[in-house]
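For clarity, every value in this text was computed on a predicted model and none was experimentally measured. Numbered from 1 within each chain, the chains take letters A, B, ... in sequence-line order.
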Number of protein chains: 2
Amino acid sequence: MANIHDIAKKAGVSVTTVSRVLNNHKYVSEEKRIAVQNVIDEFNYTPNRNAIDLIRGETRQIGVIIPYNNNQAFDQMLHGILNKSIEHEYSVIVLPTTYDAKKELEYLSMLQTKMLDAVIITSRSNNWEAITPFTKYGPIISCEYTDFSEIGCSYIDRYTSYVEAFYLLKERGHERVAFTTAREMESKSTIQTFTAYEEVFGKPSGDYVIFNCYSMQDGYRAAQKLLHIKEKPTAIYANGDEVAAGIYQYAISIGMHIPRDVALLGQENQPIGEALAISTVDHQLIQAGEQAFELAIKKSKDKIKIPYQIIHRSSI
Amino acid sequence: MANIHDIAKKAGVSVTTVSRVLNNHKYVSEEKRIAVQNVIDEFNYTPNRNAIDLIRGETRQIGVIIPYNNNQAFDQMLHGILNKSIEHEYSVIVLPTTYDAKKELEYLSMLQTKMLDAVIITSRSNNWEAITPFTKYGPIISCEYTDFSEIGCSYIDRYTSYVEAFYLLKERGHERVAFTTAREMESKSTIQTFTAYEEVFGKPSGDYVIFNCYSMQDGYRAAQKLLHIKEKPTAIYANGDEVAAGIYQYAISIGMHIPRDVALLGQENQPIGEALAISTVDHQLIQAGEQAFELAIKKSKDKIKIPYQIIHRSSI
DNA sequence: ATGAAAGCGCTAACAC
DNA sequence: GTGTTAGCGCTTTCAT
């Protein structure tokens, strides 16, 4: 494996000159620049990233903590992050936790070992008290709002959006409204959904809430329960369009009509929702991911709220 | 940020001694070992990975080239890879290509820059001629069989499994058999499916083949076409259980019975297939991923065939 | 058992 | 414009 010295020797110049052409510095004669470039091409030489990272004290690698790498919502954020990482010539390391708090801490310590320049947390397993100490070693950006001043946030105002969604359903004349969530009460957004529901409709009846919904098939199973209650809900607020699609499919399969027999409101404006004309509240997760990345490389601790918008289609 | 010198000074020993306790070398007196460890704990010190990687000439990072990070089949391989990476204390970098050949080449060059110790290709976009030159810089393992001797393989014997699957359907009395695939004819496994089909049934009629099926909704759409042909197929071989589930759902929704009206055979033994009792051919992708990882760290160029198995349930 | 010193491959003052 | 040289933070001979 050739190194910069080999190139310098072969080209008859100093390592500095090689370094200069590598980094497009000025003050290199055209003549030498060409000579060096020729040797580089001949040897098919590429500088060693480790050496560069060591001297620069950065790796241009940023880590993204994600619970699952097969969830549409997280994929959208990741997508936004990848957009920006390409633009800024960073590479991103996906750090899947499956909500394992210990693993999350291990990932965070990659900041300390200088493997990562920053980490973005799309959804966390530890409490903030356990996370913030790591900000000593590099920026930590959250996709959820937190008051901790060490943490930059690119967040969705979920509570407000949930309240608006439930009000929308109420305005449309719905009294018996069910909803689905991803995680259970350990999750902030589940709690926010509950609180928003209470604000609009009062305490939800237990059988109007279905937890652990991530995919289309989870939605299908949720509908199998919800649509066979004697006091059937007249509307369902799903925690994603994929889940909503599963509900849709089951409702259709038992001969129900949407929205006549049951209204359906999804989230995140995912492709399948568009295909089935399901109304949805778009939290603009791609944009949230992009913003999170910008905060990360700027080492910013700003709290940026990403606006949501409701997309009206024919399911409510 | 403290470095090894700071620790050495504070503990009143040489950097060598610190390095020794860090790496659990023998020949360190218990006394000094404790002294050093105390300072390490006090400073919450962690060695800088870049420096270690530079000197060792390795990063203990292996890259996994994957077309999409939201596809069940690739997720299974990734899962297997992650299993082993944790066990061997490597970290894995997910490199999503969306089948962009240029991007794939960029990822491969991370071997050359020493960012990666090895790369595993779950599905490739470039031809092997373009890929093999990179083996100069580090091991490349493929999850698809190839004759190129520079490439280690942990592969599925897809052709044999496809032939067996189609024969199974034929034995059950099916003459009109349709199938779905992921990519089109640019993909080896699509070609293998065609060839296997031909061996058993002869050339497939054009409307019995549906390309670009990845998800449940793709299966749903495939069924919308397949089940409305005048000469309807009596059996469908789906390229995954998720796709099969979509077909299942549509068939049910138009009042068909499985397997009476249409038989269904899936692939990969995914959870949803189990839930719907869909027979499946399990290519044991998790095991394939585990094996690929082992080959990668052993720098082995072996060609290992992963056995498949057919799981009989009630859909055929 | 312990430490001094020579690198790993590169960048960036600094001098010329 | 170009080269010399001192590190970046660590591991590892080689002495002692």
Spacing of [X] atom [atom1] relative to [N] atom [atom2], expressed in whole Å:
| X | N | atom1 | atom2 | result |
| --- | --- | --- | --- | --- |
| B:K9 | D:dG9 | NZ | C1' | 14 Å |
| B:D53 | C:dC10 | CG | P | 15 Å |
| A:F43 | C:dG9 | CZ | P | 14 Å |
| A:M115 | D:dG9 | CE | C1' | 16 Å |
| A:L54 | C:dC10 | CG | P | 12 Å |

Could you tell me whether [X] and [Y] have a side-chain N and a carboxylate O separated by less than 4.0 Å?
| X | Y | answer |
| --- | --- | --- |
| A:E104 | A:R124 | no |
| A:K301 | A:E150 | no |
| B:E58 | B:R60 | yes |
| A:E87 | A:K84 | yes |

| Contact letters for nucleotides 10-16 of chain D, in which S counts primed atoms plus P, OP1 and OP2 and B counts the base, heavy atoms under 4.0 Å | BBB----

| said: With the threshold set at under 4.0 Å for non-hydrogen atoms, list the residues of residues 26-41 of chain B touching DNA chain D in residue-number order. | reply: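 Nothing qualifies; none.
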
| task | Report yes or no: is the cationic atom of A:R183 (NZ for Lys, CZ for Arg) closer than 6.0 Å to the six-membered ring centre of A:Y99, at no more than 45° off its axis? | result |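 Verdict for A:Y99: a cation-pi partner in A:R183.
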
| field | Residue list, side chain to side chain donor-acceptor pair (under 3.5 Å) with B:N24, at least two apart or on another chain | value |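 Side chain to side chain donor-acceptor pair (under 3.5 Å) check on B:N24 returns nothing, list empty.
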
| task | Count the heavy atoms of every other residue, nucleotide or ligand shown that sit under 6.0 Å from NZ of B:K10, and state whether that count exceeds 12. | result |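 Open: at most 12 neighbouring heavy atoms sit under 6.0 Å from NZ of B:K10.
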
